[in-house]
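Here's the structure we're looking at; comments come further down.
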Amino acid sequence: PARSIAAGAMITSEQLLQGIAIGIKPGERAVAVPVDELAGVSNRVTPGDYVDVFMSLQDPSSPGSGQTNTQARLLLSRLQVLGYGNADVGQANSRADEQSNEVGSSSPEPGSRAETIASRDGRASSSTSSDAAQARSAILAVPVQDAGRLLLAAHSGKLFLALRNPGDTGLADESIFTTPAAVLALRGN
């Protein structure tokens with residue numbers, strides 16, 4: 001529920017959480033990041049998917065030297081996509097349901113690989129040409145403590161999303177990555 005409901009009261013859809021707010025867990029925030037076809041895995045990302053976020057950053061001291069000192073790093077791992085382009089979590093499933101109810105279509109067995117492929121194809125055919133092809137942002141569920149890092153990375157470099165299997169719950173060991181230098185110089189007293 002979006003607000004308190006009295007005991008015995010009739011429940012209406014206006015009283016329930018709707019949209020991407022449903023997918024946000026306590027301690028997370030919905031953060032929009034810029035994407036394009038390359039950063040968004042050729043627009044194959046759909047709401048509900050899990051992604052790793054990589055950051056590509058060019059050394060600001062070498063822009064005119066002809067040599068680029070570009071680095072790419074894993075920034076955040078296993079973030080859920082709440083929205084991509086104009087599609088939000090929940091909309092993708094309703095589109096697949098609408099297509100499965102069309103005349104002459106037989107729906108695959110629930111839970112089967114065929115259902116997964118059919119729903120992915122259904123989302124692609126209805127949204128790729130209009131929503132995903134025009135996608136300029138992705139909304140990610142980000143732990144509060146990591147939101148600042150993500151926003152700073154989006155401002156300072158280019159972000160890339162990497163799709164991952166939803167069953168893959170492994171996270172990268174951050175100790176294998178070197179700690180980046182401080183962003184702001186310390187002020188002397």
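Position 1 is the first residue of the sequence, and the numbers go up from there. Values in this document were obtained by computation on a predicted structure and should not be read as measured data.
Across all their heavy atoms, Gly85 and Ala135 have their closest contact at CA-CB, 3.7 Å. Scanning both residues, Leu76 and Leu74, for their nearest heavy atoms gives O-CD1, 3.6 Å. Here the closest heavy-atom approach between residue Ala153 and residue Met55 is recorded as CB-SD, 3.1 Å.
Between Arg44 atom CZ and Leu163 atom CG the span is 10.0 Å, to the nearest 0.5 Å. Taking CG of Leu75 as the start and CZ of Phe54 as the end, the distance is 10.0 Å to the nearest 0.5 Å.
Scanning for side-chain contact (heavy atoms from CB on, under 4.5 Å) contacts around Ser156 gives Leu57, Leu152, with sequence neighbours left out.
A heavy-atom distance below 4.5 Å is not found between the side chains of Leu82 and Pro47.
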Side-chain donor-acceptor contacts of residues 19-42 below 3.5 Å, not counting sequence neighbours, with atom names and distances?
from  : atom 1 : to     : atom 2 : distance (Å)
Glu28 : OE1    : Lys25  : N      : 3.1
Asp36 : OD1    : Leu38  : N      : 3.1
Asp36 : OD1    : Ala39  : N      : 2.8
Asp36 : OD2    : Lys158 : NZ     : 2.8

Could you list the donor-acceptor pairs under 3.5 angstrom formed by side chains in residues 8-17, with sequence neighbours left out?
from  : atom 1 : to    : atom 2 : distance (Å)
Thr12 : OG1    : Glu14 : OE1    : 3.3
Gln15 : OE1    : Thr12 : N      : 2.9

Sequence neighbours left out, cut at 3.5 Å: what donor-acceptor pairs do the side chains of residues 137-147 make with other protein atoms?
none

>> With side chain to side chain donor-acceptor pair (under 3.5 Å) as the criterion, how do Asp49 and Tyr84 come out once you've worked through the C-alpha distance, each side chain's angles and the decisive distance to 0.1 Å?
In response: CA-CA 10 Å; Asp49 285 342; Tyr84 191 79; over 6 Å; no
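No continuous path of ILVMFWY side-chain contacts below 4.5 Å connects Phe160 to Tyr50, so the two sit in separate hydrophobic clusters. Taken together through direct or relayed side-chain contacts under 4.5 Å among Ile, Leu, Val, Met, Phe, Trp and Tyr, Leu151 and Val51 form part of one hydrophobic cluster.
Listed by first then second residue, pairs satisfying salt bridge (Lys or Arg N to Asp or Glu O under 4.0 Å) with a partner in residues 160-169 read Asp52-Arg164, Arg164-Asp168, not counting sequence neighbours.
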